[in-house]
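This is the structure, below, for whatever I ask next.
All residue numbers in this chain count up from 1 along the given sequence. Model, not experiment: these values are computed from the prediction.
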Amino acid sequence: MSVFPKISLKPEVTEYLRNVFLNKEVTAVDTQEAESRFQKLLTCLSHPPSSTCVRASTHLSQMRHLFLFLKQQKCGSSAEVPSVQIVSHPRITDVLLLPVDGPRYRLSSELVVGAQCGSAVLRGAHVFAPGIVASPKYMKAGDMVSVFSDLEGRCTRGATSFQGNKVFVGNGVAEMDRSAIFATETPARGVGVRMVDPLYKSPSFDGVLPSMVFLQNLPSVVVGHVLTPQPGERILDMCAAPGGKTCHIAALMGDKGEVVALDRIRNKIDRIRQNAQMLSLQSIKAFCFNSTQAVSDEPKQEAEGPPFPPESFDRVLLDAPCSGLGQRPNMASTWSLKEFCSYPPLQRKLFQAAVRLLKKGGILVYSTCTVTLSENEEQVAWALNTFPCLSLQPQEPHIGSEGMLGAGLSPEQLRLLQRFSPELSWEQTDTTAPLTCRADTDTIGFFIAKFLKT
């Protein structure tokens with residue numbers, strides 16, 4: 001069901017995406033269907049998926065024990081929270097699915113936030129004071145307010161009302177007076193509105209076995225399984241922050257072997273180490289390093305930290321930095337076309353390093369959370385042409401759709417790719433249907449390719 005307008009993008013970006021989804025290979029099959037698919041994409045991107053995915057730490061506890069514990073806890077920190085439906089994913093053994101409840105209804109008192117803040121609220125965040133651009137004239141701490149997102153960034157900071165292009169994202173309780181939020185001397189910090197009734201509500205896991213459950217998008221969990229890590233192997237996660245996939249890889253190995261996690265930002269490495277410690281994973285070694293420079297030119301020798309000699313790893317995960325156009329919900333983006341198109345060159349530099357670091361007979365998995373051809377299928381076509389040693393491999397599980405036409409790949413090659421395309425089932429998504437029937441299709445936009453190096 002459409003509650004929000006289509007995602008708000010700069011006109012040049014919308015036209016670029018339209019050309020992607022109506023490329024010559026696609027329109028040669030069915031132009032009308034291609035246009036319909038593109039319009040559905042713009043709509044579904046502004047809405048959250050209808051289910052929440054929880055990855056269980058099966059290296060610490062059996063799934064059935066965790067399932068029963070969550071049922072008893074009613075998926076929340078309060079005994080007053082009503083019990084919710086929890087089901088196991090039929091094909092992915094370490095995944096539990098829970099429904100997203102919504103939409104909610106608005107109040108008369110309106111508070112306005114920026115588009116980025118609004119998207120964060122839809123993903124479960126509270127409203128932090130710097131994100132507030134307008135509030136009721138006499139708002140006091142403790143007042144109930146309806147929160148709206150300013151899609152076009154036209155609301156004047158400090159306004160008492162706004163009649164522009166805005167959408168309702170949920171209800172909350174003000175934690176500050178209006179005068180404190182818009183104080184001129186010292187910018188306000190901290191939570192400005194505590195969301196108590198978001199438009200779409202997921203079960204809370206605050207304080208519930210943080211070492212046992214990990215909130216993660218379903219396609220991100222699929223990536224770990226597609227990599228098929230084995231106990232005793234040495235595996236590299238090239239762009240690892242915040243560490244969800246890193247920890248999943250280590251768990252799938254039974255914490256036996258070595259998982260090297262790299263990221264170029266220091267505080268993100270600290271986050272990876274914290275997650276590993278929380279999940280009792282000893283096999284993870286995290287380093288602050290630029291992965292494009294992770295290959296050593298020195299004579300081959302064992303290296304604990306980067307750079308590494310060529311062919312140092314049995315498997316490599318390149319979950320590449322990307323334009324993020326598959327993330328949901330995302331109601332608006334102010335990025336320019338130049339910013340969206342800046343990622344493919346970096347992705348190719350990382351890919352070159354990944355191939356050099358991978359042993360012969362090893363597996364490389366490439367993934368993104370975006371929907372463009374240039375970052376997905378076109379990168380696969382480039383890789384196959386650039387590295388004759390690489391060949392595409394079947395993926396298990398394969399619960400997404402096949403790759404999209406437009407990069408010159410053969411039908412056989414497209415079938416080996418996995419593209420999560422929520423727009424393909426947008427109008428068929430029935431929130432009354434069982435979670436297991438809609439969870440695989442109503443996801444974020446995502447892409448996975450699996451290669452063998454020979």
Matching residue for Phe446 among Asn376, Val222, Val223 - test: side chain to side chain contact (heavy atoms under 4.5 Å, CB included) | Val223

Could you tell me whether Asp442 and Arg328 have a side-chain N and a carboxylate O separated by less than 4.0 Å?
-> yes

Examine distances only and state if a side-chain atom of Ser149 and a backbone atom of Leu151 form a donor-acceptor pair shorter than 3.5 Å.
-> no

Is the CD atom of Glu412 crowded by more than 12 outside heavy atoms at less than 6.0 Å?
-> yes

Just wondering, more than 12 heavy atoms not from Gln352 lying within 6.0 Å of its CD?
-> yes

Can you tell me if CZ on Arg264 sees more than 12 non-hydrogen neighbours from other groups inside 6.0 Å?
-> no

Please check if the side chain of His126 supplies one atom and the backbone of Val191 the other of a donor-acceptor pair under 3.5 Å.
-> no

The side-chain contact (heavy atoms from CB on, under 4.5 Å) partners of Ser401 (sequence neighbours excluded) come to Arg419, Ser421, Leu424

Heavy atoms of Val260 and Glu258 approach each other most closely as CG2-OE2, 3.5 Å

Other residues, nucleotides, ligands: >12 heavy atoms within 6.0 Å of Gln277 CD | no

Quick one: do Glu311 and Arg356 make a salt bridge, cutoff under 4.0 Å?
-> no

Would you say Gln347's side chain and Pro321's backbone share a donor-acceptor pair under 3.5 angstrom?
-> yes

Answer yes if the side chains of Glu33 and Thr31 hold a donor-acceptor pair under 3.5 Å, and no otherwise.
-> no

Would you please say whether a donor-acceptor pair under 3.5 Å links the side chains of Gln418 and Lys450?
-> no

Run the salt-bridge test on Glu423 and Arg37 with the 4.0 Å N-O cut-off and return the result as yes or no.
-> yes

Decide yes or no for Leu357 and Leu236: does some side-chain heavy atom of the first lie under 4.5 Å from some side-chain heavy atom of the second?
-> yes

Atom CZ of Arg271: over 12 foreign heavy atoms under 6.0 Å | no

Does Tyr366 have its ring centroid less than 6.0 Å away from the ring centroid of Phe351?
-> yes

Between Asp314 and Lys359, does at least one N-O distance fall below 4.0 Å, as a salt bridge requires?
-> yes

Taking every non-hydrogen atom, the tightest pair across Gly118 and Val113 | N-CG2, 3.8 Å

Can the ring centroids of Phe313 and Phe308 be said to lie less than 6.0 angstrom from one another?
-> yes

Would you please say whether a donor-acceptor pair under 3.5 Å links the side chains of Glu375 and Thr372?
-> yes

Taking all non-hydrogen atoms of both residues into account, name the closest pair between Pro5 and Ser46 and its distance.
-> O-OG, 2.8 Å

Answer yes or no: is there an ion pair linking Lys10 with Glu15, defined by an N-O contact shorter than 4.0 Å?
-> no

Going by atom types only, do Asp94 and His248 share a side-chain donor-acceptor pair under 3.5 Å?
-> yes

Min side-chain heavy-atom separation Leu318-Ser367 under 4.5 Å = no

With a 3.5 Å cut-off and no angle check, do the side chains of Thr228 and Arg315 form a donor-acceptor pair?
-> yes

